[in-house]
Amino acid sequence: MYFSNDPSIQGLIELIKSPDEAASGAAWQSAGNYGAAAVQPLAALMADADFELARKGKRGLYLVVRHAGHPASAKERRAVESELIVVLGSSPAHVRREVVWMLSEIGSARAVGPMAALLTDQALREDARCALTRHPAPGAVKALKSAFATAPEDFKPALAESLRARGVMVEGYPSRKLVPTAQTTVVPAQ
């Protein structure tokens, strides 16, 4: 682990921004140890126009999430989840896309509502649907059902697929996997 003379979050962010790749790499790789306090600063880095800096921010934030996801880290997980929910409501679409997936890894029932709110966002609805499909909270199924009831027609087959994956029977929207895409003919054996 590499730390500067400044072990604060601001010190971490400055090191991640460093042109020295050894220092920068070691800094984002240690981000998991900073916990919830690093979520918003790392999410801000994810929104940076510099692709490499944004990627370092994303990797660092995933390390925070995975560190908080440890079974013995319930208090830290709740704190990280709370910060991710804040980011989910106030960041550019590409950052929110990653955050909804992060919440699918560590989010509790509290995260379902903010995740479900993205089901009406044209740019993020597919990621939100998939993340809710894998979210273990029973409220995720309720959110998918609610979204299905009001969704535009073009999104209903996808929501139906998610509901079926969670054990809910859906009528009138067959699985796209079972609908033929090409006309076929069968030639009788001779």
Side-chain angles (χ1 to χ4, degrees), residues 1-137 140 143 162:
M1 208 177 317
Y2 182 90
F3 292 99
S4 70
N5 293 334
D6 182 2
S8 69
I9 299 298
Q10 187 57 39
L12 172 71
I13 299 303
E14 288 173 18
L15 275 174
I16 291 173
K17 290 180 176 181
S18 170
D20 177 359
E21 282 300 317
S24 178
W28 73 257
Q29 291 172 32
S30 72
N33 299 319
Y34 285 81
V39 170
Q40 291 189 41
L42 289 169
L45 277 182
M46 288 173 64
D48 198 276
D50 179 332
F51 175 79
E52 285 300 322
L53 189 55
R55 186 164 65 169
K56 290 174 188 177
K58 179 172 87 172
R59 288 177 171 172
L61 188 50
Y62 266 107
L63 289 174
V64 170
V65 168
R66 298 213 168 100
H67 189 270
H70 187 277
S73 303
K75 184 177 178 182
E76 182 180 357
R77 185 170 41 258
R78 283 190 300 274
V80 169
E81 175 189 35
S82 294
E83 292 298 316
L84 288 172
I85 290 171
V86 169
V87 171
L88 192 62
S90 63
S91 296
H94 71 280
V95 174
R96 290 184 292 149
R97 178 172 287 112
E98 294 297 331
V99 170
V100 77
W101 284 104
M102 292 174 190
L103 284 168
S104 78
E105 290 186 20
I106 66 162
S108 67
R110 288 185 320 145
V112 170
M115 292 169 72
L118 298 180
L119 290 169
T120 59
D121 184 320
Q122 182 75 27
L124 299 170
R125 69 185 188 182
E126 187 61 20
D127 289 285
R129 177 190 69 83
C130 292
L132 283 166
T133 301
R134 70 183 265 192
H135 197 289
S162 288

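Computation of the quantities below employed the complete heavy-atom set of this structure, encompassing side-chain atoms and omitting hydrogens, waters and symmetry-equivalent molecules. For the single chain, residues carry numbers from 1 onward in sequence order.
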Problem - Spatial distance of atom CG (Leu42) from atom CG (Leu63) [nearest 0.5 Å] - result: 9.5 Å
Practice task
Before giving the answer on side chain to side chain contact (heavy atoms under 4.5 Å, CB included), spell out for Asp121 and Arg96 the whole-Å C-alpha distance, their side-chain angles and the decisive distance to 0.1 Å.
Solution key: CA-CA 11 Å; Asp121 184 320; Arg96 290 184 292 149; 3.7 Å; yes
Completion exercise
Here the pair of heavy atoms bringing Cys130 nearest to Trp101 is CB-CH2, 3.4 Å
Problem - Distance, nearest 0.5 Å, that separates CH2 of Trp28 from NZ of Lys58 - result: 11.0 Å
Problem - Expected output: side-chain Arg66 to main-chain Gly32 donor-acceptor under 3.5 Å - result: no
Practice task
Output yes when a side-chain donor or acceptor of Ser30 lies under 3.5 Å from a complementary backbone atom of Ala27, and no otherwise.
Solution key: yes
Handout entry: Side-chain donor/acceptor of Ser24 to backbone N/O of Glu21, under 3.5 Å
Key = no
Side-chain atoms of residues 112-120: list all donor-acceptor pairs with protein atoms under 3.5 Å, sequence neighbours left out, distances to 0.1 Å.
unit_1: Thr120; atom_1: OG1; unit_2: Ala117; atom_2: O; d: 3.2

Handout entry: Donor-acceptor side-chain pairing of Glu105 and Tyr62 below 3.5 angstrom
Key = no
Handout entry: Shortest non-hydrogen separation from Leu103 to Ala111 and the atoms involved
Key = CD2-CB, 4.0 Å
Practice task
Check whether any side-chain N or O of His67 sits under 3.5 Å from a backbone N or O of Tyr34 as a donor-acceptor pair, and report yes or no.
Solution key: no
Problem - Residue pair Ala47 / His94: nearest heavy atoms and the distance that separates them - result: CA-NE2, 3.7 Å
Exercise for the section: Enter the distance from Leu84:CG to Glu98:CD here, rounded to the nearest 0.5 Å. Expected result: 11.5 Å
Problem - Partner of Val100 by side-chain contact (heavy atoms from CB on, under 4.5 Å), out of Leu132, Val95, Asp127 - result: Asp127
Handout entry: Steps toward salt bridge (charged side-chain N to carboxylate O under 4.0 Å, His left out) verdict (Glu126, Arg129)
Key = CA-CA 5 Å; Glu126 187 61 20; Arg129 177 190 69 83; 2.3 Å; yes
Completion exercise
When rounded to the nearest 0.5 Å, the distance separating CZ of Arg59 from CG of Leu45 is 13.5 Å
Practice task
Check whether the side chains of Arg77 and Ser108 place a donor and an acceptor atom closer than 3.5 Å, and report yes or no.
Solution key: no
Completion exercise
To the nearest 0.5 Å, atom CG of Leu15 lies from atom CD of Gln10 at 10.5 Å
Practice task
Compare every heavy atom of Val65 with every heavy atom of Ile106, then report the nearest pair and how far apart it is.
Solution key: CG2-O, 3.6 Å
Completion exercise
Minimal heavy-atom distance between Leu12 and Ala38, with the atoms involved, is CD2-CB, 4.5 Å
Exercise for the section: With sequence neighbours excluded, tell me which residues meet salt bridge (charged side-chain N to carboxylate O under 4.0 Å, His left out) with Glu76. Expected result: none
Completion exercise
Heavy-atom nearest pair, Val87 first then Ala43, reads CG1-CB, 3.7 Å
Practice task
Calculate, to the nearest 0.5 Å, the distance between atoms CG and CD belonging to Leu61 and Gln40 respectively.
Solution key: 10.5 Å
Problem - Ser82 side chain vs Arg78 backbone, donor-acceptor pair below 3.5 Å - result: yes
Completion exercise
Hits for side-chain hydrogen bond (donor to acceptor under 3.5 Å, both in side chains) against Arg55, two or more places apart or cross-chain, chain-then-number order -> Glu52
